[in-house]
Amino acid sequence: MASPASATRATVLVFGDSLSFHGPDGPHPANDARLWPNLAAAAVDGQTELFAGFGWTARDAYWSLVGDPRVWTHMPDIDALVLAVGGMDTLPSPLPTYLRQGIRYLRPDWLRRYVRRAYLAVQPWASRATGGWPVALPAELTVRYLDDIVVAVRALRPDVPVVVMLPSVHRAPAYGYMHGGRSRTLALMRDWADRNNVVPFDVAGVIGEHVLRGHGNPDGIHWGWDGHRMVATALAAHLAPLLAGRPDN
């Protein structure tokens, strides 16, 4: 049973990719206080309910919304929705997504390991050779799945404010330093947000220097703890006015 103090705390539902739980030294449990979702929620006297996974695109977030009953348990009580997906959609995917993700299902084990090593070795070269195309999820589909999420949530909770995190930047050797799909996805997400009363959060404007100067994870994608703090501070500034009129739960 919730205590009277916790009952008044805002609940922020976050759909995210690995940027939401990965630090400078690898992935961390979702309740790690150093992660930006938890820091941002704490800054607005709230708590986070995080649903995320490695490489999650907007499509994965939508599948989580419609397919995970743990999400449904929080829906009556959320005070804000943060869509921190869309960035991984823009990364090069020389092998079609369904084939790349299907590597995990290969058997026997030695074959799966061999194919994975081979793909990871080829991916940087193939990303450069194709100019960063195709991407993990085309921009039009990213926006479609984001819209599907918001429509579904607003059907149940029309009063819940929504923040969308725009694609970040990277300097990842694993992708041949290519990021050609970002600009189109960024433009379409901004336009969609403007038309649908969704607050855009330009995370690259906050974290870009941190990433591009090598202050984050050595993989060139994920953030250091300073980066998590910077993103949390900026997100909290977006959330605070949205939650200002929230009645106590």
Side-chain angles (χ1 to χ4, degrees), residues 14-32 34-37 50-71 84-139 141-142 145 165 167-182 185 207 210-212 214-225 227-228:
V14 179
F15 288 109
D17 51 38
S18 55
L19 292 175
S20 62
F21 61 85
H22 206 289
D25 53 352
H28 289 261
N31 64 349
D32 191 311
R34 296 170 295 178
L35 297 171
W36 66 259
L50 174 65
F51 294 86
F54 286 104
W56 267 25
T57 65
R59 177 168 52 195
D60 294 295
Y62 175 73
W63 285 343
S64 177
L65 172 66
V66 300
D68 189 340
R70 295 174 301 161
V71 177
V85 288
M88 298 299 172
D89 309 34
T90 68
L91 295 178
S93 181
L95 195 65
T97 300
Y98 70 93
L99 291 177
R100 174 171 46 82
Q101 294 185 342
I103 292 174
R104 73 184 75 177
Y105 300 110
L106 289 176
R107 294 293 182 271
D109 290 347
W110 67 264
L111 177 62
R112 183 185 68 252
R113 290 192 290 266
Y114 175 81
V115 172
R116 179 180 291 122
R117 285 197 301 268
Y119 177 71
L120 292 177
V122 168
Q123 182 178 264
W125 174 86
S127 296
R128 291 191 296 271
T130 62
W133 300 95
V135 294
L137 194 68
L141 287 181
T142 295
Y145 282 111
M165 183 179 289
S168 185
V169 293
H170 77 78
R171 59 190 295 273
Y175 294 97
Y177 304 98
M178 301 300 297
H179 207 178
R182 180 178 178 270
T185 300
I207 201 70
H210 174 86
V211 173
L212 297 179
H215 299 309
N217 189 287
D219 65 13
I221 294 179
H222 299 96
W223 308 333
W225 295 127
H228 278 265

Please tell me if the side chains of [X] and [Y] come closer than 4.5 Å, counting only heavy atoms from C-beta onward.
X      : Y      : value
Val135 : Pro92  : no
Trp36  : Met165 : yes
Met88  : Leu19  : yes

Stepwise, does the side chain to side chain contact (heavy atoms under 4.5 Å, CB included) test hold for Asn217 with Trp223?
-> CA-CA 6 Å; Asn217 189 287; Trp223 308 333; over 6 Å; no
[X]: partners by salt bridge (Lys or Arg N to Asp or Glu O under 4.0 Å), with sequence neighbours left out:
X      : answer
Asp68  : Arg70
Arg171 : none
Arg34  : Asp32

For [X], give me all partners under side-chain contact (heavy atoms from CB on, under 4.5 Å), at least two apart in sequence or on another chain.
X      : value
Ala58  : Val85, Asp89, Thr142, Tyr145, Leu146
Ala172 : His170, Tyr175, Ile221
Pro27  : Phe21, His22, Phe54

Hey, is the main chain of [Y] close enough, under 3.5 Å, to the side chain of [X] for a donor-acceptor pair?
X      : Y      : value
Ser20  : Asp17  : yes
Arg112 : Tyr105 : no
Arg104 : Gln101 : yes

Not counting sequence neighbours, which residues clear ring pair (Phe, Tyr, Trp, His ring centres under 6.0 Å) with Trp225? List them please.
->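 Checked Trp225 against ring pair (Phe, Tyr, Trp, His ring centres under 6.0 Å); matches are His28, His228.
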Report the residues that fulfil ring pair (Phe, Tyr, Trp, His ring centres under 6.0 Å) with His215, sequence neighbours left out, ordered by chain and then residue number.
->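 Ring pair (Phe, Tyr, Trp, His ring centres under 6.0 Å) check on His215 returns nothing, list empty.
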Indicate the atoms forming the closest heavy-atom contact of Thr185 with Ala139, along with that distance.
->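 Between these two residues, the closest heavy atoms are OG1-CB, 3.4 Å.
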Can you name the closest pair of heavy atoms from Trp133 and Gly181 and give their distance?
->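 Looking at all heavy atoms of both residues, the closest pair is CH2-CA, 3.7 Å.
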Among pairs that include at least one residue of residues 51-61, which meet side chain to side chain donor-acceptor pair (under 3.5 Å), considering only residues two or more places apart or in two chains?
->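 Side chain to side chain donor-acceptor pair (under 3.5 Å) check on residues 51-61 returns Thr57-Asp60.
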Ignoring hydrogens and angles, state whether a donor on the side chain of Thr97 or Arg100 is under 3.5 Å from an acceptor on the partner side chain.
->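 On atom types as modelled, these side chains qualify, holding a pair under 3.5 Å.
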Under the side chain to side chain donor-acceptor pair (under 3.5 Å) test, which residues partner Ser168, sequence neighbours left out?
->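 Ser168: no side chain to side chain donor-acceptor pair (under 3.5 Å) contacts found.
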Non-neighbouring partners of Ser18 that pass side chain to side chain donor-acceptor pair (under 3.5 Å), sequence neighbours left out |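 With sequence neighbours excluded, Ser18 shows a side chain to side chain donor-acceptor pair (under 3.5 Å) to His222, given in chain and number order.
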Mind listing the side-chain donor-acceptor pairs of residues 113-126 below 3.5 Å, one per line with the distance, residues two or more places apart or on another chain?
| residue | atom | partner | partner atom | Å |
| --- | --- | --- | --- | --- |
| Tyr119 | OH | Gln123 | OE1 | 3.2 |
| Gln123 | NE2 | Ala174 | O | 2.8 |

Nearest 0.5 Å, what's the CG-CG distance between Leu35 and Leu50?
->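 Between Leu35 CG and Leu50 CG, I get 8.0 Å after rounding to 0.5 Å.
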Show the numbers, then the answer: is there a side chain to side chain contact (heavy atoms under 4.5 Å, CB included) between Asp109 and Arg107?
-> CA-CA 5 Å; Asp109 290 347; Arg107 294 293 182 271; 3.8 Å; yes
